[in-house]
Amino acid sequence: EDIRILQATEIALKEKYANIVLIGNKEKILEKAKTNKVDIEGAKIIEPEKSQDYEKYVNLLYELRKAKGMTIEKAKELVLNPVYYGMLMVKDENSKVDGLVSGAIHSTADTLRPALKTAPNTKLVSAFFVMVVPNCEYGENGTFIFADSGLNPDPNAEELSEIAISSSKSFKELTGKEPKVAMLSYSTYGSAKSELTEKMIKATKILKEKEPKLICDGELQLDAAIVPEVAASKAP
């Protein structure tokens, strides 16, 4: 029901790069779109309490979380929450939903808490930002992933290696291109020394041992990582 979501919906539908399902009060959504002259025709609107899948999702949530104390009564309450409902749609193979956008009016914690579990072989939940820079020769035609910029405040070397591995997989899934990973620091190849630089050196070593085929290097300053001329000087 947030106006920014409705405006984004209009753009996505107009540019035809996604099918959109809006979860919330249908009357409020349509009224807000009409008042603000936003065209969301073509978007599907689901009201959890009126959905034919409500009971199915209540039982699904209960089964997934009963080992952690979930009750049917609590599941009935949570499935009414648009973020929980949306996560269950993603979980449901028959819903034809590939992803959930959240965070306009929800905190990071409230967005992540309903996520049911990590992907297979993933040891750590982490976050990344996709940065797309127009008319940029660096990165993958100006596309970068920066991780972890919003969830793990002070990861250790082992955790940094896991963040790099899962982020590189996401990059490949999103762009179809081979990832190139730079373990970033305020130092390049020992130009400064501290516990922070040592941690990044160790993380790079662990990463190379875990994923020997992954193109990766560190510790590197950002300019040395992405600008060939700077790399030739700082990190030949």
Side-chain angles (χ1 to χ4, degrees), residues 1-13 18-36 38 40 42-130 147-153 155 159 162-163 166-167 169-170 173-174:
E1 294 160 21
D2 186 281
I3 185 59
R4 292 166 296 172
I5 294 293
L6 302 186
Q7 289 167 337
T9 295
E10 180 179 37
I11 294 168
L13 292 172
N19 297 315
I20 305 294
V21 179
L22 298 170
I23 304 172
N25 183 291
K26 187 171 185 177
E27 189 178 335
K28 285 184 181 177
I29 290 170
L30 293 175
E31 181 60 33
K32 182 163 278 190
K34 183 180 178 182
T35 302
N36 291 276
V38 178
I40 58 169
K44 184 177 182 180
I45 301 175
I46 290 179
E47 297 179 284
E49 67 274 17
K50 296 179 182 177
S51 167
Q52 63 183 21
D53 291 323
Y54 174 74
E55 291 294 338
K56 180 174 83 168
Y57 287 169
V58 167
N59 290 318
L60 176 58
L61 181 58
Y62 169 70
E63 290 297 328
L64 289 164
R65 292 274 179 91
K66 64 182 179 183
K68 296 186 177 180
M70 180 63 67
T71 63
I72 284 289
E73 290 71 23
K74 184 65 175 174
K76 286 181 176 179
E77 178 187 333
L78 289 173
V79 174
L80 294 173
N81 178 307
V83 182
Y84 272 89
Y85 191 95
M87 288 288 185
L88 289 160
M89 287 187 75
V90 174
K91 179 72 174 171
D92 178 8
E93 292 179 357
N94 296 317
S95 72
K96 298 181 181 177
V97 169
D98 300 305
L100 173 77
V101 177
S102 175
I105 58 171
H106 292 89
S107 67
T108 300
D110 287 340
T111 295
L112 290 176
R113 196 176 293 112
L116 301 171
K117 58 183 177 179
T118 57
N121 303 317
T122 302
K123 297 177 183 176
L124 179 74
V125 177
S126 59
F128 59 78
F129 288 110
V130 179
D148 180 332
S149 315
L151 188 57
N152 295 288
E159 290 169 335
E162 287 297 324
I163 291 168
S166 56
S167 300
K169 289 177 181 176
S170 296
E173 286 177 9
L174 290 169

Check: Could you give the distance from CD (Glu10) to CD1 (Ile40), rounded to the nearest 0.5 Å?
Finding: 9.5 Å
Checklist line | Glu159 side-chain N/O to Leu124 backbone N/O, donor-acceptor pair under 3.5 Å | finding: no
Item checked: Residues Ser166, Glu162; criterion side-chain hydrogen bond (donor to acceptor under 3.5 Å, both in side chains); working and verdict -> CA-CA 6 Å; Ser166 56; Glu162 287 297 324; over 6 Å; no
Margin query: Measuring from atom CD1 of Ile46 to atom CG of Asn25, what distance do you get when rounded to the nearest 0.5 angstrom?
Written below: 14.0 Å
Checklist line | Residues which pass salt bridge (charged side-chain N to carboxylate O under 4.0 Å, His left out) with Glu77, listed by chain and number, not counting sequence neighbours | finding: Lys74
Item checked: For the student: nearest non-hydrogen atoms of Ala12 and Ile20, plus distance -> CB-CD1, 3.9 Å
Notebook entry, point to check: At what distance, to the nearest 0.5 angstrom, does CD1 of Ile163 lie from CZ of Phe128?
Noted result: 12.0 Å
Notebook entry, point to check: If you round to the nearest 0.5 Å, how far is NE2 of His106 from CG of Leu112?
Noted result: 12.0 Å
Margin query: For a 4.5 angstrom cut-off between non-hydrogen side-chain atoms, does Leu88 reach Val79?
Written below: yes
Next item on the list: Mind running side-chain contact (heavy atoms from CB on, under 4.5 Å) on Tyr62 and Lys76 for me, showing each step along the way?
Entry: CA-CA 9 Å; Tyr62 169 70; Lys76 286 181 176 179; over 6 Å; no
Item checked: Main-chain N/O of Val38 paired to Asn36 side chain as donor or acceptor, under 3.5 Å -> no
Next item on the list: Could you check Tyr57 against Ser51 for side-chain hydrogen bond (donor to acceptor under 3.5 Å, both in side chains), going step by step and ending with a plain yes or no?
Entry: CA-CA 10 Å; Tyr57 287 169; Ser51 167; over 6 Å; no
Next item on the list: Locate the shortest heavy-atom distance separating Met70 from Ala75; write the atom from each residue and the value.
Entry: SD-N, 3.7 Å
Item checked: Main-chain N/O of Glu1 paired with Lys32 side-chain donor or acceptor, under 3.5 Å -> yes
Checklist line | Taking every non-hydrogen atom, the tightest pair across Pro48 and Ile23 | finding: CG-CG2, 3.7 Å
Checklist line | Nearest heavy atoms of Ala33 and Leu6, plus distance in Å | finding: N-CD1, 3.9 Å
Check: Where do Leu22 and Ala43 come nearest, in terms of heavy atoms and distance?
Finding: CD1-CB, 4.2 Å
Check: Quick check: are there more than 12 heavy atoms from other residues, nucleotides or ligands sitting under 6.0 Å from NZ of Lys56?
Finding: yes
Notebook entry, point to check: Would the number of heavy atoms belonging to other residues, nucleotides or ligands and lying under 6.0 Å from CD of Glu27 be above 12?
Noted result: no
Item checked: Asp110 vs Val83, side-chain contact (heavy atoms from CB on, under 4.5 Å): CA-CA, chis, key distance, verdict -> CA-CA 8 Å; Asp110 287 340; Val83 182; over 6 Å; no
Item checked: Spacing of Ile45 atom CD1 and Lys50 atom NZ [to the nearest 0.5 Å] -> 11.5 Å
Note to self: With a 4.5 Å cut-off on side-chain heavy atoms, are Asp92 and Val97 touching?
What the structure shows: no
Note to self: Would you compute the distance between atom OG1 of Thr9 and atom CD1 of Ile3 and round it to the nearest 0.5 angstrom?
What the structure shows: 9.5 Å
Item checked: Smallest separation among heavy atoms of Leu151 and Ala127, with atom names -> CB-CB, 3.9 Å
Next item on the list: I would like to know whether Leu78 and Arg65 meet side-chain contact (heavy atoms from CB on, under 4.5 Å); could you show each step before the answer?
Entry: CA-CA 12 Å; Leu78 289 173; Arg65 292 274 179 91; 5.9 Å; no
Check: Can you find a heavy atom in the side chain of Lys91 that is under 4.5 Å from one in the side chain of Leu64?
Finding: yes
